[in-house]
There are 2 protein chains.
Amino acid sequence: MANETHALNERAQLLLKTLVERYIADGQPVGSRALSKFSGLDLSPASIRNVMADLEDMGLIASPHTSAGRIPTPRGYRFFVDTLLTIKPLDRVEINQLEGQLQVESTQKLVASASQVLSEITRFAGVVVTPRRSAGFRHIEFLRLAEKRLLLILVTAEGDVQNRIIQTEKAYTPSELIEAANMLNQNYAGCTFEEIRRRIQSELKQLREDMSQLMTAALAAGDQAVSESAEDVVISGGMNLLGINDLSSNMTKLRDLFNLFEHRATLLQLLDVSSRAQGVQIFIGGEAGLTPLDECSVVTAPYEVDGKIVGTVGVIGPTRMAYERVIPIVDITAKLLSSALTQR
Amino acid sequence: MANETHALNERAQLLLKTLVERYIADGQPVGSRALSKFSGLDLSPASIRNVMADLEDMGLIASPHTSAGRIPTPRGYRFFVDTLLTIKPLDRVEINQLEGQLQVESTQKLVASASQVLSEITRFAGVVVTPRRSAGFRHIEFLRLAEKRLLLILVTAEGDVQNRIIQTEKAYTPSELIEAANMLNQNYAGCTFEEIRRRIQSELKQLREDMSQLMTAALAAGDQAVSESAEDVVISGGMNLLGINDLSSNMTKLRDLFNLFEHRATLLQLLDVSSRAQGVQIFIGGEAGLTPLDECSVVTAPYEVDGKIVGTVGVIGPTRMAYERVIPIVDITAKLLSSALTQR
DNA sequence: CATTGGCGCTCTGTTGCAGAGAGTGCTGAG
DNA sequence: CTCAGCACTCTCTGCAACAGAGCGCCAATG
């Protein structure tokens, strides 16, 4: 027993690799005979059994019961994706296809379509964390709808547009509205609402009474607009997971999973962690500490605007997924999203 | 055998009613003994068996196999909801609860929250068809974002706000933009874009060249905004259907159902039909002609704006659902939605 | 000493079978 | 018309037997 240390010899690694690949392809436990056929090595099943016993001792594979083949453990998957996996880059064609399906009209649509594209192309669930907004604005405008109803139009620093209808106590004249908008735009564009509030507070006495009312109403609406469109997670194609028999065998587990989807908060936490890392990250099984994700893996990649990470895209699927395909897809999607968001 | 005609005598009706009620409550086929216990009539199981045989002959109930109890057929359900069902109106409390959960901020939110409320309160899937927009506008505004980028703000006749970013070939001055917006607002407010297009075409020569370019860009954007926000169906809580064992017993059926959800077009067709009727409508099983809805029922009610029907709300659940609860819920939701939409 | 063929062991999945339980249809009596 | 009783049918469960798959171990081999 020389190889009980962490260093797997080359043969053991190759065997583990083919075992994982075959299991991902078939979904069936892999036996020594099958492995001897597909490994490429010219070894008899008996020899392979010895190696498999070692791999099992190291906690990389396990057998569901004495007389079935072996399947990878979470640790086995981890070793596989970390050191054995050979990812093939995407075709130019596939990249174009991805790019073509992103809807660039607005940030919201962009994010939603990214999630949808991921789910469609991988046939798993696509998730995207929407960018956290900096609470500033680029431009503000009032539009008179009715006697005492105003439409507040807010162009955020990211170039996104928000609308809010506000009720006022007093009826403002068009010129008053223009004056107020001008004042906000000229003096405070780029500031957060908190900053504006502080500064206005100190200048309050100089403002006409009616104007200050309008200002505070606008600030409140702005705050609300920003907080409402805070970080959130968009999930597409959750239904796809129904088709995965790895999961659907266990109805309760599946329902737990969907429950997790509805409670976005916990999911957000997981995805936030991933946004601290640089490239593609992979969470296998319950690594994230979320039990409902027991037999799932999460593949994520952060995306950025102007070089700053603002969110995360990813895919949730069964642990037994074709990583070599999913990883580049998530990677490219994150990059496409980054460039689409930076352009605007 | 005098009662083989369509006229069910009172006793048979009562028995059918309790049978359906018990089946809806238990989900188990109902046998003659159970029926004799719960019907309230003082009959022995043997007599009841005679009546049940009649009901089976008429196609109102059926047995899954020789020695199980009976379950209602689709025709049985239909008869039940048409003539036997006693619906109890909602509590004041429940109505308030419903009302409280509707988010009235915008039409979109209102519709989305209606769907969500329905799904949460019934624990089935909630569906709402968004109102088809009349293609007119109430107010239009241009906002300068950058050199040649304008933000077009469109307040629709329904009071909804749409934004569109348009690229122009020429850089317009603020005063030109205001002039263009004023012209559109003063002359064409309330018209459809098609009308405006026709009228502008004839007046084209009188317009300055650069202005006409801006106008046509605005019209195109307006058209797009309107067509994009055409009729659509919003589905909430599709996941709820996972919990229904009536359906989850059959994974394939469940998947078909979710496929139907993704292809909104077909669903839209069904819900459109329902909008022609006046009050609550119930589609049982495949009555709608959609096979994936085999073991489902759809309960719908149209909602209106200013007395004109503009959309449909409803619930999709298992055929074995508590109609006496679901029907008033859908009914009230439609009414609340109507009044919320009419107020604005 | 790594490799290999062989043998016994264990576990699963399927099949056949018997018995219990549930519910029906029918019949004959009140 | 109602009802008790009886035979019949169908499902469900547990049990036993059996084939298949795969492993571990051991002894033989180059």
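To find a chain, count down the sequence lines: A is the first, B the second, and so on, and within it residues start at 1.
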Original post:
Which nucleotide in the list C:dG5, D:dC10, C:dT3 gets nearest to the side chain of A:Leu43?
Top reply: C:dT3
Subject >> Validation row, ring centre B:Phe258 to ring centre B:Phe261 under 6.0 Å >> reply: yes
Subject >> Rounded distance in Å - CD1 (B:Ile48) to P (C:dT24) >> reply: 10 Å
Subject >> Integer-rounded Å distance: C:dG13 C1' and A:Gln28 CD >> reply: 13 Å
Subject >> Ion pair A:Arg70/A:Glu56, N-O distance below 4.0 Å >> reply: yes
Original post:
Can you give one letter per nucleotide of nucleotides 17-24 of chain D, going 5' to 3': B for a protein heavy atom under 4.0 Å from the base, S for sugar-phosphate only, - for none?
Top reply: ---BBSSB
Subject >> d(CD1, B:Ile71; P, C:dT24) in whole Å >> reply: 13 Å
Original post:
For the pair made of CG in B:Leu41 and P in D:dC3, what is the distance, rounded to whole Å?
Top reply: 10 Å
**OP:** Write down the distance between NZ (B:Lys37) and C1' (C:dA22), rounded to a whole number of angstrom.
**Re:** 13 Å
**OP:** Establish, with yes or no, whether the OP1 or OP2 oxygen of C:dT4 is under 4.0 angstrom from a side-chain nitrogen or oxygen of A:Ser44.
**Re:** yes
Subject >> Enclosure of B:His65 NE2 (heavy-atom neighbours >12, cutoff 6.0 Å) >> reply: yes
Subject >> For atom CG of A:Asn9 and atom C1' of C:dA2, their distance in whole Å >> reply: 12 Å
Could you pull out all donor-acceptor pairs under 3.5 Å where a side-chain atom in residues 119-126 of chain B meets a protein atom, sequence neighbours excluded?
from	atom 1	to	atom 2	distance (Å)
B:Ser119	OG	B:Gln116	O	3.1
B:Glu120	OE2	B:Gln116	NE2	3.3
B:Thr122	OG1	B:Leu118	O	2.7
B:Thr122	OG1	B:Phe124	N	3.2

Original post:
Is the shortest side-chain N to carboxylate O distance from B:Arg325 to B:Glu94 below 4.0 Å?
Top reply: yes
**OP:** List the steps, then state whether side-chain contact (heavy atoms from CB on, under 4.5 Å) holds for A:Leu41 with A:Arg11.
**Re:** CA-CA 8 Å; A:Leu41 299 176; A:Arg11 194 173 65 186; 3.3 Å; yes
Original post:
Closer to the 5' end of DNA chain D via nearest nucleotide, is it B:His65 or B:Arg11?
Top reply: B:Arg11
